[in-house]
Amino acid sequence: MSPDSPLPPQYDPTGLERELYGQWERRGLFEPASDHTSRPGPPRAERGAVQPSSRPYVVQMPPPNVTAQLHMGHGLNNTIQDVVVRFERMRGRDTLWVPGTDHAGIATQNVVERLIAREGKTRFELGRPEFERRVRAYVEETGRTILDQLRAIGSSCDWHRTYFTLDADLSRAVRTVFVSLFEKGLIYRGKYIINWCPRCLTALSNEEVEKVEVEGNLWHLRYPLEGGGHLAVATTRPETMLGDTGVAVHPEDQRYRDLAGRFAVLPLVGRRIPVVLDEAVDPAFGSGAVKLTPAHDPVDFEIARRHGLEALDVMTDDARMNDQVPGQFRGLDRFEARKKVVAELEALGVVERIERHTHAIGHCYRCDTVVEPRLSDQWFVRMKPLAEPALAAWREGRVRFIPEHRGLEYAQWMEGIRDWCISRQLWWGHRIPVWYCESPQCGEVSVSLTDLELCPGCGGPVRQDEDVLDTWFSSQLVPFSSLGWPDRTRDLARFYPGHTLVTAPEILFFWVARMIMAGLESMGEVPFSTVYLHGTVRDTLHRKMSKSLANGIDPLDVVQRYGADALRYTVVSGLPVGTDLILDPEDLEGSFAPGRNFANKLWNIGRFILGNLDGPVRPLGGNSPTVVRREELTLADRWIIARCEETVREATAGYERFRLNDAALAIHRFIWSDLADWYLEVIKPRLYGDQPGGDVARAVVTQTFDAALRLLHPVMPFITECLWRRLPGRTDSDSIMVAPWPGSDRRAPDAAAVRGFGALQELVAAVRSIRSEYGVEPGQTVRVTVSAPGDELAAALGEDE
RNA sequence: GGGCGAAUAGCUCAGCGGUUCAGAGCGCCUGCCUUACACGCAGGAUGUCGGGGGUUCGAAUCCCUCUUCGCCCACCA
């Protein structure tokens with residue numbers, strides 16, 4: 001595409017966006033400017049605006065899951081990031097935005113398991129090495145896809161530094177952190193109640209459990225007491241009674257005072273179970289007596305531990321009743337077992353009553369299966385010592401949240417933090433770097449940076465822990481592991497700590513909070529100072545867009561139909577801070593046409609201006625004798641210049657404060673309502689030679705349009721680049737990406753001009769309205785008495801009015 | 001059960017401690033294919049600013065209260 005080729009009346013982004021993106025990438029414009037100044041080879045002329053010594057600006061990209069297909073959430077998230085990256089780059093910052101993919105342990109394993117299930121196989125039949133090979137092959141493909149999709153929406157990230165959380169470098173970081181935490185006593189192994197997903201067959205962290213309020217039953221059961229009488233207990237999960245090993249009441253509960261030391265006899269099972277006194281029991285709830293199932297309830301487990309009661313696991317890995325229960329229940333799924341237990345208890349006449357009861361039930365965040373609390377041997381991170389500095393960082397303002405109130409959620413979570421279960425019974429992930437000596441006499445447990453063949457204690461054979469780490473264990477490290485840590489690389493020195501994280505609130509605890517803790521722990525400083533949490537993409541019924549609801553919008557579809565600029569404009573202008581983005585999947589036209597129309601408007605403004613630039617364009621500033629003098633400017637000229645300066649300030653402030661919609665709308669208003677609707681109309685007589693001052697008009701309109709394009713570039717990078725390069729004195733080897741940000745001179749706008757032309761606009765509008773109301777034809781005389789310069793009015797109305 | 005938001009035109013939202021605040025975009029209505037753009041131009045209609053009370057000369061704006069939505073957290077079995 002040559003600057004001289006005629007422009008068609010409609011803007012067509014097809015092909016153009018890809019072409020421009022390719023040019024940017026080839027010219028290295030996505031990389032930090034300092035990479036070029038420090039590398040051998042010729043300096044890059046097009047990087048003029050960026051100073052080698054400029055301050056870095058680092059945005060931390062949330063790495064998409066390696067199996068993900070780009071959805072509107074990604075589109076939204078990466079658009080916002082790209083807007084701020086492009087803005088800061090134009091302001092001269094040495095920007096770094098590193099892309100990557102997350103191996104996404106459970107999510108990826110589930111996907112591949114489903115694939116091999118189609119072949120009628122399970123991962124256990126394939127075996128671990130073969131399964132891992134299959135997953136690797138699969139993600140190689142999907143990982144490329146998602147990153148290419150980020151390109152399609154214009155993301156200006158540094159592809160040279162692309163990472164994958166299972167890369168060797170990042171794996172070394174994971175091990176280093178694991179070993180370090182272990183040596184500090186912050187990682188331990190132990191048998192506790194954890195959240196178990198019976199479908200994924202793995203432990204989950206507390207954060208990976210989604211609580212859903214459900215209306216269920218509270219069964220009041222009568223347990224007979226040894227020596228006569230009975231004790232009523234209340235439970236929402238009758239099937240767990242098969243694993244009861246005690247009953248607890250509050251020590252001060254008058255009703256049960258004399259029960260201490262007595263035994264109940266567990267119905268259906270016949271086991272003698274003691275009645276214990278414990279403060280954890282709430283006398284006001286239910287019957288005031290709690291059946292204790294220490295292997296399947298965290299509170300029961302704690303109570304049982306205090307009283308030395310046995311914990312009896314009554315379920316298998318996939319949540320069927322195991323052989324610890326009476327024969328008729330064995331092999332039953334827990335929910336079938338519930339029905340059968342209730343039926344048999346009813347037959348025994350020990351079901352006192354059933355009340356409706358609403359409570360929150362945990363579900364696996366990956367497969368939505370009801371999570372089973374279960375006693376299990378797992379690895380944990382002691383979080384309290386890590387949380388304290390992270391909390392302090394927020395309190396001291398070293399990290400802030402936008403919107404601000406999200407900081408409270410962060411603080412609340414940090415204050416109530418519980419230990420993090422980090423081991424997963426999966427095959428896809430970072431294997432836990434722990435080796436157990438096979439020799440029973442030695443039994444040494446070794447934690448090691450490097451793989452072990454032999455026991456460091458006795459020299460005998462060792463076997464590595466079978467489990468892998470929670471995905472989030474590695475992703476929490478990316479702010480520094482992706483820069484080369486634990487090596488002390490130049491990148492690390494230049495780009496850590498970074499500045500901005502833009503992400504969805506859903507992963508505040510999974511990822512954001514943990515990155516802050518990990519950064520403080522390993523690097524001594526928070527990884528970023530600003531966390532911008534944006535809203536969710538929803539449909540018109542305000543439902544989250546999701547695959548299962550089939551209410552999603554494919555961003556690539558939008559790009560194809562309307563262009564990436566239109567997608568980006570819609571997303572940015574429609575998303576004020578703290579709100580959700582509502583889009584109608586049934587009406588893409590309604591949602592994205594405004595962005596497409598705006599691009600087209602810009603295109604035609606460009607066509608008009610470029611088509612009327614024959615003749616010299618004089619500079620507006622500088623010392624040249626041909627420079628336009630202030631006295632030559634008309635009221636309209638001064639007004640548009642003043643409005644432009646005003647818009648520069650509004651847009652800059654909007655971008656700076658993450659009020660991207662304010663910025664986008666201010667620019668939109670300026671370009672469409674002020675520049676196109678008024679100024680271009682007003683200067684037509686001058687441009688056509690019907691009035692003097694065409695050269696001044698050309699100078700003003702060129703400068704103004706140039707500034708407007710630069711202001712808009714972060715939001716609509718493609719159309720602005722395309723037009724900007726065609727302005728006088730530019731070539732295709734220039735790029736708006738590194739053009740200086742407008743408004744380096746901080747002059748206040750000409751207030752008199754703003755008011756003056758504003759008043760004129762009102763006058764003209766009044767005249768036009770009179771004209772339409774009284775049916776005055778163009779050419780007829782309308783006599784208006786005004787106290788403003790008549791020539792300005794005549795110019796504004798045009799010659800025939 | 002704790003913590004936190006939000007309620008303004010049909011829809012999505014501005015309005016940032018009281019002066020052009022009753023607005024924008026979309027949608028809707030009426031004219032226009034005016035040589036940059038019909039993906040456009042020129043006009044137009046639409047809101048007791050959730051209810052109630054208070055402070056004030058003056059309140060979408062500040063205070064209280066009620067109602068309704070939403071978000072985060074939570075071991076009342």
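Here is the naming used below: chain letters follow the sequence lines, and residue numbers restart at 1 for every chain.
Separation of the P atoms belonging to B:rU12 and B:rC76 is 35 Å when rounded to the nearest angstrom. Rounded to whole Å, the separation between the C1' atoms of B:rA7 and B:rC11 comes to 15 Å. Rounded to a whole angstrom, the distance from the P atom of B:rU35 to that of B:rU30 is 24 Å. Comparing the C1' positions of B:rC39 and B:rA22 gives an interatomic distance of 31 Å, to the nearest angstrom. Here the separation of B:rG51 from B:rG17, taken at their P atoms, is 24 Å to the nearest Å. Distance check on atom P: B:rC29 versus B:rU46 gives 16 Å, rounded to whole Å. Between the C1' atoms of B:rG5 and B:rC41, the separation comes to 42 Å (whole Å). The same atom, P, is picked in B:rA60 and in B:rU8; the two are 15 Å apart, to the nearest Å.
For A:Glu681 against B:rA36, a side-chain-to-base donor-acceptor contact under 3.5 Å is present. Taking only distance into account, the side chain of A:Glu409 never meets the base of B:rC4 through a donor-acceptor pair shorter than 3.5 Å.
Residue A:Ala593 is out of contact with every strand shown, counting any heavy-atom pair closer than 4.0 Å. Nucleic acid contact class of A:Leu408 (heavy atoms, under 4.0 Å, all strands): sugar-phosphate only. At a threshold of 4.0 angstrom between heavy atoms, the contacts of A:Trp672 are confined to the sugar-phosphate backbone, with no base atom among them. Residue contacts for A:Val233: at a heavy-atom cut-off of 4.0 Å it reaches no nucleic acid atom on any strand shown. As judged by a 4.0 angstrom heavy-atom cut-off over every strand, A:Asn661 is placed among residues making no nucleic acid contact. Within 4.0 Å (heavy atoms only), A:His668 reaches no atom of the nucleic acid at all. Contacts of A:Thr579 with the nucleic acid, taken as non-hydrogen atoms under 4.0 Å apart, involve only primed sugar atoms and P, OP1 or OP2. At a threshold of 4.0 angstrom between heavy atoms, the contacts of A:Phe509 are confined to the sugar-phosphate backbone, with no base atom among them. Counting any heavy atom pair closer than 4.0 Å across all strands shown, A:Ala676 reaches a base atom.
Residue A:Phe401 contributes atom CZ, which lies 17 Å from atom P of B:rC4 at whole-angstrom precision. What separates CZ of A:Arg353 from C1' of B:rA77 is a distance of 14 Å, to the nearest Å. Between A:Asn612 atom CG and B:rU35 atom P the separation is 14 Å, expressed in whole Å. Between the NZ atom of A:Lys544 and the P atom of B:rC71 there is a distance of 10 Å, rounded to whole Å. Taking atom CD1 of A:Ile667 as the reference point, atom P of B:rA24 lies 19 Å away to the nearest angstrom. One atom, CG of A:Leu309, and another, P of B:rA77, lie 21 Å apart when rounded to the nearest Å. The CZ atom of A:Arg418 sits 8 Å away from the C1' atom of B:rA74 (whole-angstrom rounding). Following rounding to the nearest Å, A:Glu589 (CD) and B:rC11 (P) show an atom-to-atom distance of 22 Å.
Cation-pi geometry between A:Arg514 and A:Trp420 is met: under 6.0 angstrom from the ring centre, within 45 degrees of the axis. A cation-pi contact links A:Lys684 to A:Phe608, judged by a cut-off of 6.0 Å to the six-membered ring centre and 45° from its axis.
Here A:Glu409 pairs with A:Arg406 in a salt bridge; the nearest charged N to carboxylate O distance falls below 4.0 Å. A salt bridge is defined here as a Lys NZ or Arg NE, NH1 or NH2 lying under 4.0 Å from an Asp or Glu carboxylate O, and A:Glu372 with A:Arg237 meets this definition. A salt bridge links A:Arg596 to A:Glu589: one of the charged nitrogens lies within less than 4.0 Å of a carboxylate oxygen. One finds a salt bridge joining A:Glu506 and A:Lys544 here, because a Lys/Arg side-chain nitrogen approaches an Asp/Glu carboxylate oxygen to under 4.0 Å.
Contact annotation: A:Arg596 does not reach the phosphate of B:rC37 (side-chain N/O to OP1 or OP2, under 4.0 Å). Distances shorter than 4.0 Å separate none of the side-chain N or O atoms of A:His405 from OP1 or OP2 on B:rG3. Put simply, A:Tyr688 has a side-chain N or O that comes within less than 4.0 Å of OP1 or OP2 on B:rA36. At the phosphate of B:rC76, neither OP1 nor OP2 sits under 4.0 Å from any side-chain N or O atom of A:His357. Side-chain N/O atoms of A:Lys211 include one lying less than 4.0 angstrom from OP1 or OP2 on B:rC75. Between A:Arg659 and the phosphate of B:rC16, there is no side-chain N or O to OP1/OP2 separation shorter than 4.0 Å. Between A:Asn597 and B:rC37, a side-chain N or O to OP1/OP2 separation shorter than 4.0 Å is absent. Between A:Arg669 and B:rG25 there is no side-chain polar atom (N or O) within less than 4.0 angstrom of OP1 or OP2.
In this structure, B:rG43 forms a base pair with B:rC29, meeting either the Watson-Crick or the G-U wobble geometry with both donor-acceptor distances under 3.5 Å. Base pairing of B:rU48: no nucleotide in any strand meets the Watson-Crick or G-U wobble criterion (both distances under 3.5 Å). Look at B:rA22: it lacks any Watson-Crick or wobble partner with both distances under 3.5 angstrom. With a 3.5 Å ceiling on both atom-pair distances, the Watson-Crick or G-U wobble partner of B:rU67 is B:rA7. B:rG17: no Watson-Crick or G-U partner with both key distances under 3.5 Å is found in any strand. Of the nucleotides present, none pairs with B:rU34 by Watson-Crick or G-U wobble criteria with both distances under 3.5 Å. Both distances falling under 3.5 Å, in either a Watson-Crick or a G-U wobble arrangement, occur for no nucleotide opposite B:rA59.
For A:Glu213, the listed nucleotide lying nearest its side chain is B:rA74; candidates were B:rA36, B:rC73, B:rA74. Listed nucleotides B:rA77, B:rC73, B:rC37 differ in distance to A:Thr236; the shortest reach to its side chain belongs to B:rA77. Ranking B:rC75, B:rA42, B:rA77 by closeness to the A:Asp677 side chain, first place goes to B:rA42. The side chain of A:Gln412 approaches B:rG2 more closely than any other nucleotide in the set B:rC75, B:rG2, B:rA36. Closest to the A:Val299 side chain, of the nucleotides B:rA77, B:rA36, B:rC75, is B:rC75. Distance from the side chain of A:Lys601 is smallest to B:rG40 among B:rU12, B:rA77, B:rG40. Of the candidates B:rC26, B:rG2, B:rC39, B:rC39 carries the atom nearest the A:Gln10 side chain, counting heavy atoms from C-beta on. Nearest to the side chain of A:Arg406, among B:rC71, B:rC13, B:rC37, sits B:rC71.
The aromatic rings of A:His359 and A:His357 lie parallel to each other, with less than 30° between the two planes, well short of the 60° mark. Ring orientation note: the planes of A:Phe401 and A:Tyr410 are tilted relative to one another, at an angle of 30° to 60°. Using bins of under 30°, 30° to 60° and over 60° for the plane-to-plane angle, the ring pair A:Trp672/A:Phe598 lands in the parallel bin.
Checked by atom type and distance alone, the side chain of A:Asn600 pairs as donor or acceptor with a backbone atom of A:Tyr11 at under 3.5 Å.
For B:rA6, the base adopts the anti conformation, since its glycosidic angle falls more than 90 degrees from zero.
Along RNA chain B, the nucleotide closest to A:Asp300 and the one closest to A:Arg607 are compared, and the more 5′ of them pairs with A:Arg607. Remark on RNA chain B: of its neighbouring residues A:Asp580 and A:Leu680, the 5'-side contact belongs to A:Asp580, judged by nearest-heavy-atom nucleotide.
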